[in-house]
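Note that these values count all heavy atoms, side chains included, but never hydrogens, waters or copies made by symmetry. Source: prediction; values computed, not measured.
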Amino acid sequence: MSAVSDRLPTFPWDKLEPYKKTAAAHPDGIVDLSVGTPVDPVPELIQKALIDAADSPGYPTVWGTPALRDAITGWLERRLGAREVTHRHVLPIVGSKELVAWLPTQLGLGPGDRVAHPRLAYPTYEVGARLARAEYEVYDDPRELDPAGLKLLWLNSPSNPTGRVLSQEELTGIVAWARAHGVLLVSDECYIELGWEADPVSVLHPDVNGGSYDGIVAVHSLSKRSNLAGYRAAFLAGDPAVLGPLLEIRKHGGMMTSAPTQAAVVAALGDDEHVHAQRARYAARRTALREALLGHGFRIEHSEASLYLWATRGESCWETVAHLAGLGILVAPGDFYGEAGETFVRVALTATDERVAAAVARLTA
């Protein structure tokens with residue numbers, strides 16, 4: 001076991017504990033804006049679907065029920081503009097983090113193979129490469145990478161942590177570049193329904209991929225858009241030549257989404273109203289926090305989508321974390337997401353209206 005754990009970096013969130021204690025000592029309590037975990041209720045129609053499927057004594061299938069695959073393909077066409085999506089183009093997964101961490105291993109990557117991800121990025125992209133013993137590197141524009149030995153290219157739009165959105169033109173160029181060099185492109189699109197100042201586009205859209213899913217896979221999650229982080233509900237969509245072998249591997253590994261969760265996902269993907277309601281909550285919180293941070297002397301970059309504000313005071317991120325902890329507000333230091341984030345903090349919108357109001361009051365006092 002130590003041989004595997006030794007490949008991994010120190011778990012970054014442990015470094016935040018002293019600041020969490022400081023923030024928790026505030027007389028009015030902590031406002032935790034560090035981790036982007038949903039705090040609002042799971043919509044009732046989704047809870048009902050889960051309960052109705054609770055009597056599920058048999059093993060679920062890795063590929064999911066036909067109803068689940070129908071729900072996924074229907075959502076992809078309705079919401080993302082994808083065309084001619086069949087059951088062969090989709091694959092349920094047990095939450096998106098599991099997939100990100102283990103995809104390089106499941107693709108058979110190893111020493112000598114290269115994995116690339118954005119310079120500022122979700123740390124699990126690097127973890128996945130480390131687990132597979134593959135090499136990893138960062139980029140500003142993936143088209144500037146050396147394609148030799150590059151087996152997996154991660155995109156993330158909208159970005160975690162920055163909220164940056166890649167334009168349709170950028171995505172089209174990157175897809176063409178990856179195909180020209182035989183590089184598998186996997187696009188993490190888990191925040192795609194949370195665009196504020198931009199309208200995120202999927203690599204599954206025909207204007208981006210030319211009507212072909214060859215060499216591309218998109219990752220989607222219900223954690224944010226439907227408050228289902230506790231359900232571990234996500235899926236892949238794209239090239240059947242990639243998803244078919246992954247399905248077989250995941251069958252052997254027993255990587256199944258529970259039957260009640262599958263039923264809940266069918267309900268969630270079939271309803272847009274709860275997504276609109278949740279978007280409205282996040283939009284109000286975003287406006288309040290953004291204005292308060294700007295008034296407190298912060299500069300905000302990107303942040304045109306996703307559940308975070310990427311903010312800086314032009315100092316070490318840890319100085320900013322300490323300053324805000326003194327106000328009872330906990331945020332994530334930017335260097336968790338790469339060295340380029342060393343003067344930024346990530347401020348999550350995932351706190352209750354009451355806690356967001358408390359943060360705003362402290363920032364504007």
Please answer whether the main-chain N or O of [Y] pairs with a side-chain N or O of [X] as donor and acceptor at a distance below 3.5 Å.
| X | Y | answer |
| --- | --- | --- |
| R286 | S303 | yes |
| S306 | P158 | no |
| S316 | W318 | yes |
| R299 | G297 | no |
| R130 | Y136 | no |
| R279 | G195 | yes |
| E137 | R114 | no |
| S226 | L228 | no |
| R179 | D214 | yes |
| N209 | S212 | yes |

Out of curiosity, does [Y] fall in the hydrophobic cluster containing [X] (side-chain heavy atoms, cut-off under 4.5 Å, transitive links)?
| X | Y | answer |
| --- | --- | --- |
| V100 | Y337 | no |
| V275 | I192 | no |
| V39 | L349 | no |
| Y122 | V186 | yes |
| F298 | W310 | yes |

Shortest non-hydrogen contact from [X] toward [Y]:
| X | Y | value |
| --- | --- | --- |
| I46 | A268 | CD1-CB, 3.5 Å |
| V165 | E170 | O-OE1, 4.3 Å |
| T343 | T312 | O-OG1, 2.5 Å |
| L68 | P92 | CD2-CG, 3.6 Å |
| G81 | P206 | O-CD, 3.1 Å |
| L109 | V115 | CD1-CG2, 3.9 Å |

### Message
I want to check something: taking the side chain as every heavy atom from C-beta on, are L289 and L33 in contact at a cut-off of under 4.5 Å?
### Response
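Result yes, sub-4.5 Å side-chain heavy-atom pair found.
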### Query
Do the non-hydrogen side-chain atoms of L155 and S157 ever get within less than 4.5 Å of each other?
no
Roughly how far, to the nearest 0.5 Å, is the [atom2] atom of [Y] from the [atom1] atom of [X]?
| X | Y | atom1 | atom2 | result |
| --- | --- | --- | --- | --- |
| H323 | T320 | NE2 | OG1 | 8.0 Å |
| L324 | T22 | CG | OG1 | 12.0 Å |
| T105 | L131 | OG1 | CG | 5.5 Å |
| D188 | S221 | CG | OG | 8.5 Å |
| L80 | L204 | CG | CG | 6.5 Å |
| R355 | I329 | CZ | CD1 | 10.0 Å |

Please identify each residue that fulfils side-chain contact (heavy atoms from CB on, under 4.5 Å) with [X], with sequence neighbours left out.
| X | answer |
| --- | --- |
| T287 | E291 |
| D40 | N227, Q278, R281, Y282, R285 |
| A67 | T65, V266 |
| T261 | L50, Y231, A233, T257, S258, V265 |

Is a donor from one side chain sitting under 3.5 angstrom from an acceptor on the other, for [X] and [Y]?
| X | Y | value |
| --- | --- | --- |
| E169 | S167 | no |
| R164 | H302 | no |
| N160 | R346 | yes |

Partner set under ring-ring contact (aromatic ring centres under 6.0 Å, His included) for [X], not counting sequence neighbours:
| X | result |
| --- | --- |
| H181 | W177 |
| H205 | none |
| F235 | W75, H220 |
| Y213 | H89 |

### Message
The criterion is side-chain hydrogen bond (donor to acceptor under 3.5 Å, both in side chains); which residues satisfy it with H117, sequence neighbours excluded?
### Response
none
What donor-acceptor contacts under 3.5 angstrom involve side-chain atoms of residues 144-154, with partners at least two apart or in another chain?
| from | atom 1 | to | atom 2 | distance (Å) |
| --- | --- | --- | --- | --- |
| D146 | OD1 | A148 | N | 3.0 |
| K151 | NZ | D113 | OD1 | 2.9 |

### Task
Please collect all salt bridge (charged side-chain N to carboxylate O under 4.0 Å, His left out) contacts where either partner lies in residues 217-243, sequence neighbours excluded, each pair once.
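Checked against salt bridge (charged side-chain N to carboxylate O under 4.0 Å, His left out) - neighbours excluded - the pairs reaching residues 217-243 are E193-R225.
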#### Entry: Pair S34-W13, side-chain contact (heavy atoms from CB on, under 4.5 Å): steps then yes or no
CA-CA 9 Å; S34 62; W13 294 96; 3.9 Å; yes
Taking atom [atom1] of [X] as the centre, does the number of heavy atoms from other residues, nucleotides or ligands within less than 6.0 Å exceed 12?
| X | atom1 | answer |
| --- | --- | --- |
| R143 | CZ | yes |
| E77 | CD | yes |
| W63 | CH2 | yes |
| E273 | CD | no |

### Message
Using side-chain contact (heavy atoms from CB on, under 4.5 Å), reason through L269 and L222 one step at a time and then give a plain yes or no.
### Response
CA-CA 8 Å; L269 291 178; L222 285 84; 4.1 Å; yes
### Task
In sequence, state the C-alpha distance, the side-chain angles, and the governing distance for V208 and Q168, and then conclude on side-chain contact (heavy atoms from CB on, under 4.5 Å).
CA-CA 6 Å; V208 171; Q168 179 177 304; 3.9 Å; yes
In a table with atom names and distances, give each donor-acceptor pair under 3.5 Å that connects a side chain of residues 356-365 to protein atoms at least two apart or in another chain.
| from | atom 1 | to | atom 2 | distance (Å) |
| --- | --- | --- | --- | --- |
| R362 | NH1 | G29 | O | 3.0 |
| R362 | NH1 | L327 | O | 3.1 |
| R362 | NH1 | G328 | O | 3.1 |
| R362 | NH2 | D28 | O | 3.4 |
| R362 | NH2 | D28 | OD2 | 3.2 |
| R362 | NH2 | G29 | O | 2.8 |
| T364 | OG1 | V360 | O | 2.7 |
| T364 | OG1 | A361 | O | 3.4 |

### Task
I would like to know whether V203 and I174 meet side-chain contact (heavy atoms from CB on, under 4.5 Å); could you show each step before the answer?
CA-CA 10 Å; V203 296; I174 294 167; over 6 Å; no
